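Everything below concerns the one structure shown next.
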Amino acid sequence: MDLLKYFTFSMIISILGIRGILLNRRNIPIMSMSIESMLLAVNSNFLVFSVSLDDMMGQSFASLVPTVAAAESAIGSAIFVLTFRVRGTIAVESINCIQG
């Protein structure tokens with residue numbers, strides 16, 4: 001099993017996610033998708049390490065990552081909808097005025 005290919009794939013996905021967050025600071029849905037792509041890179045690293053080390057812990061962690069990602073997406077979507085209803089926009093510039 002050639003691990004370098006899988007690590008390269010994971011690194012590319014992670015770099016694209018970091019690039020998406022750093023370059024698109026005004027678009028919240030794209031920032032959320034970038035975070036999800038970084039979670040995909042972590043998940044693929046868990047699976048590759050699990051197969052290469054012949055250990056089941058990586059596969060168990062890989063099954064937990066989509067659960068956390070789904071919860072994060074649900075909460076983020078709810079915040080987006082509420083913010084859009086209250087402010088009329090989901091621009092990052094207007095969200096930094098939120099006080100709680």
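This is a predicted model, so every value here is computed, not measured.
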Just distance, no hydrogens or angles: give the donor-acceptor pairs under 3.5 Å from side chains in residues 7-14, sequence neighbours left out.
{"residue": "Thr8", "atom": "OG1", "partner": "Leu4", "partner atom": "O", "Å": "2.6"}
{"residue": "Ser10", "atom": "OG", "partner": "Ala41", "partner atom": "O", "Å": "2.9"}
{"residue": "Ser10", "atom": "OG", "partner": "Ser44", "partner atom": "OG", "Å": "3.4"}
{"residue": "Ser10", "atom": "OG", "partner": "Asn45", "partner atom": "OD1", "Å": "3.2"}
{"residue": "Ser10", "atom": "OG", "partner": "Asn45", "partner atom": "ND2", "Å": "3.2"}

Just distance, no hydrogens or angles: give the donor-acceptor pairs under 3.5 Å from side chains in residues 68-82, sequence neighbours left out.
{"residue": "Ser73", "atom": "OG", "partner": "Glu36", "partner atom": "OE2", "Å": "3.1"}
{"residue": "Ser73", "atom": "OG", "partner": "Ala69", "partner atom": "O", "Å": "3.0"}
{"residue": "Ser77", "atom": "OG", "partner": "Ser73", "partner atom": "O", "Å": "2.8"}

Going by atom type alone, with no hydrogens or angles, which donor-acceptor pairs under 3.5 Å involve a side-chain atom of residues 59-66 and a protein atom two or more places apart or on another chain?
{"residue": "Gln59", "atom": "NE2", "partner": "Ser50", "partner atom": "OG", "Å": "3.4"}
{"residue": "Ser60", "atom": "OG", "partner": "Met57", "partner atom": "O", "Å": "2.7"}
{"residue": "Ser63", "atom": "OG", "partner": "Ser60", "partner atom": "O", "Å": "2.6"}

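Remark: side-chain polar atoms of Ser32 are not paired, donor with acceptor, to backbone N or O of Pro29 under 3.5 angstrom.
Across every non-hydrogen atom of Ser37 and Gly17, the tightest pair is OG-CA, 3.3 Å.
Ile35 shares a hydrophobic cluster with Ile18, Ile21, Leu22, Met38; the chain of contacts runs through ILVMFWY side chains whose heavy atoms sit under 4.5 Å apart. If you chain together ILVMFWY residues whose side-chain heavy atoms come under 4.5 Å of each other, Ile30 ends up grouped with Met33.
Atoms CG and CZ, on Asp55 and Phe49 in that order, are 12.0 Å from each other to the nearest 0.5 Å.
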